[in-house]
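Taking it in order: structure first as structure tokens, then the write-up.
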Amino acid sequence: MFSDFDRFAMTRALELAARGLETTDPNPRVGCVIARRDRVIGEGWHRKAGAAHAEVAALNTVKEDPEGTTVYVTLEPCSHFGRTPPCSDALIAARVARVVYAIADPDPRVSGKGAEALQSAGIRVESGLMEAEALELNLGFLQRMQYGRPWVRLKLAMSLDGRTALANGKSQWITSEASRIDVQQWRARSSAILTGAGTILSDDPRLDVRLPPMEGEDSRRQPIRVVLDSQLRTPPGARIFTTGGEVVILTSGTPDMARVAALEERGAQIEAMPLDEGRVDLAAALQRLAEREVNEVLVEAGPTLAGQLLHRQLIDEMLLYVAPKLLGPQARALIEMQRLDYLEYAPEFALEGVKKLGDDMCVRLRPRD
């Protein structure tokens with residue numbers, strides 16, 4: 001069905017889409033290649049919300065009449081007016097002959113309508129080329145559109161014997177600088193970083209992106225920092241307020257208004273959430289983040305919150321950083337779990353990849369279920 005050149009062109013479109021990995025939020029990452037026969041004559045990608053979509057960006061680079069060309073795009077062209085006009089209209093106006101896209105857009109404003117508009121204009125439309133690769137690029141956006149919650153990625157760091165801190169709580173630093181830089185990359189692509197009040201009180205983290213600005217940018221986009229704090233214990237002097245970017249605190253329905261006022265003065269956005277066994281309801285919290293157009297959540301928290309997410313089957317992916325150290329049986333455990341009496345009840349994960357980082361390694365895992 002698809003030729004070698006089709007695959008070559010879509011591979012390039014995916015490479016272009018990945019350039020927006022840290023910048024397109026809350027929009028999907030999309031790349032586009034325009035070709036005449038087996039010759040690329042234009043290419044582009046969506047850089048950030050409000051900027052030209054990938055198809056228009058690619059058309060703007062074409063130096064000849066695009067009539068009769070083939071367009072390769074990683075996501076179905078949009079057919080609605082948002083921050084920018086419909087891409088399907090631009091392709092129809094350009095009189096292209098064929099459009100090949102990797103995956104359908106699950107946005108209800110688009111889903112199928114973009115392809116239908118192109119076909120109605122006499123343009124040949126094909127889909128499914130390199131679908132798996134395109135899905136990986138936009139896991140969060142697709143999950144938010146289809147299921148109403150973001151992609152949840154849990155980051156954990158441990159010793160060889162599965163410990164995260166000494167018995168006295170000291171944990172800085174278990175892993176190497178190379179691992180910490182890698183975490184910064186994951187933060188940079190995330191829509192939000194989620195933690196619990198316990199981590200704020202014990203570690204006082206900043207949870208910001210501390211990488212150099214990207215080319216052509218003055219500063220890095222900072223993800224939303226989200227704190228689950230049912231008792232509103234976050235201190236107004238916490239370092240999370242010192243780095244710019246939004247801070248959202250999800251708390252109970254009856255918070256102490258004096259504490260609310262003190263935190264709001266520091267720039268925090270306080271939202272009341274339903275509780276589940278005295279803690280912020282995790283499913284409701286993720287649903288609320290989806291409503292705020294959050295695609296990917298990076299969880300950096302202690303063993304209690306990690307265990308709650310695991311127990312409620314709300315983890316989509318795990319980043320496990322392993323340092324070649326032994327901390328001993330008195331040190332703190334990786335995740336708080338309910339007691340298991342049968343091995344068949346143990347949560348199981350599929351290995352997605354392993355990366356060496358200095359003397360450490362990062363293991364990417366996804367639940368088998």
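Position 1 is the first residue of the sequence, and the numbers go up from there.
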Polar side chain donor-acceptor pair, [X] to [Y], under 3.5 angstrom:
X: Asp229; Y: Thr234; result: yes
X: Arg292; Y: Gln269; result: yes
X: Thr304; Y: Glu336; result: yes
X: Thr175; Y: Asp360; result: no
X: Asp6; Y: Ser3; result: yes

Side-chain donor or acceptor of Arg210 paired with backbone N/O of Gln184 under 3.5 Å
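No: the side chain of Arg210 does not pair with the backbone of Gln184.
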Strictly below 4.0 Å, N to O, side chains only: are Arg180 and Glu300 in salt-bridge contact?
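A salt bridge is absent here (no side-chain N lies under 4.0 Å from a carboxylate O).
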### Query
If you measure from the Lys or Arg side-chain nitrogens to the Asp or Glu carboxylate oxygens, is any gap between Glu116 and Lys113 under 4.0 Å?
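Not counted as a salt bridge, because no side-chain N and carboxylate O are separated by less than 4.0 Å.
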Applying salt bridge (charged side-chain N to carboxylate O under 4.0 Å, His left out), can you list everything that pairs with [X], at least two apart in sequence or on another chain?
X: Glu126; result: Arg98, Arg124
X: Arg149; result: Asp316
X: Asp276; result: Arg312

| Could you give all pairs that pass the ring pair (Phe, Tyr, Trp, His ring centres under 6.0 Å) test and reach residues 109-159, with sequence neighbours left out? |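 Sorted pair list comes back empty.
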Open item on the list: As an exercise, state the distance from CD1 of Ile335 to CG of Leu154, rounded to the nearest 0.5 Å.
Closed with: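 Output value for this atom pair is 6.0 Å.
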Show the atom names and distances, to 0.1 Å, of all donor-acceptor pairs under 3.5 Å that link a side chain in residues 344-354 to residues at least two apart or in another chain.
none

(Q) Could you go through Val297 and Arg153, starting from their C-alpha distance and side-chain angles, then the distance that decides it, and tell me whether this counts as side-chain contact (heavy atoms from CB on, under 4.5 Å)? (A) CA-CA 6 Å; Val297 174; Arg153 186 176 285 121; over 6 Å; no
Of the options Cys32, Ser88, Cys78, Pro86, which is the one that meets Glu55 in a side chain to side chain contact (heavy atoms under 4.5 Å, CB included)?
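Result: among Cys32, Ser88, Cys78, Pro86, Cys32 is the only option passing the side chain to side chain contact (heavy atoms under 4.5 Å, CB included) with Glu55.
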Please tabulate, for the side chains in residues 34-42, all donor-acceptor contacts under 3.5 angstrom to protein atoms that are two or more places apart in sequence or on a different chain.
unit_1, atom_1, unit_2, atom_2, d
Arg36, NE, Glu64, OE2, 2.8
Arg36, NH1, Glu67, O, 3.0
Arg36, NH2, Glu64, OE2, 3.4
Arg36, NH2, Asp65, O, 2.3
Arg39, NH1, Glu64, OE1, 3.3
Arg39, NH2, Glu64, OE2, 3.4

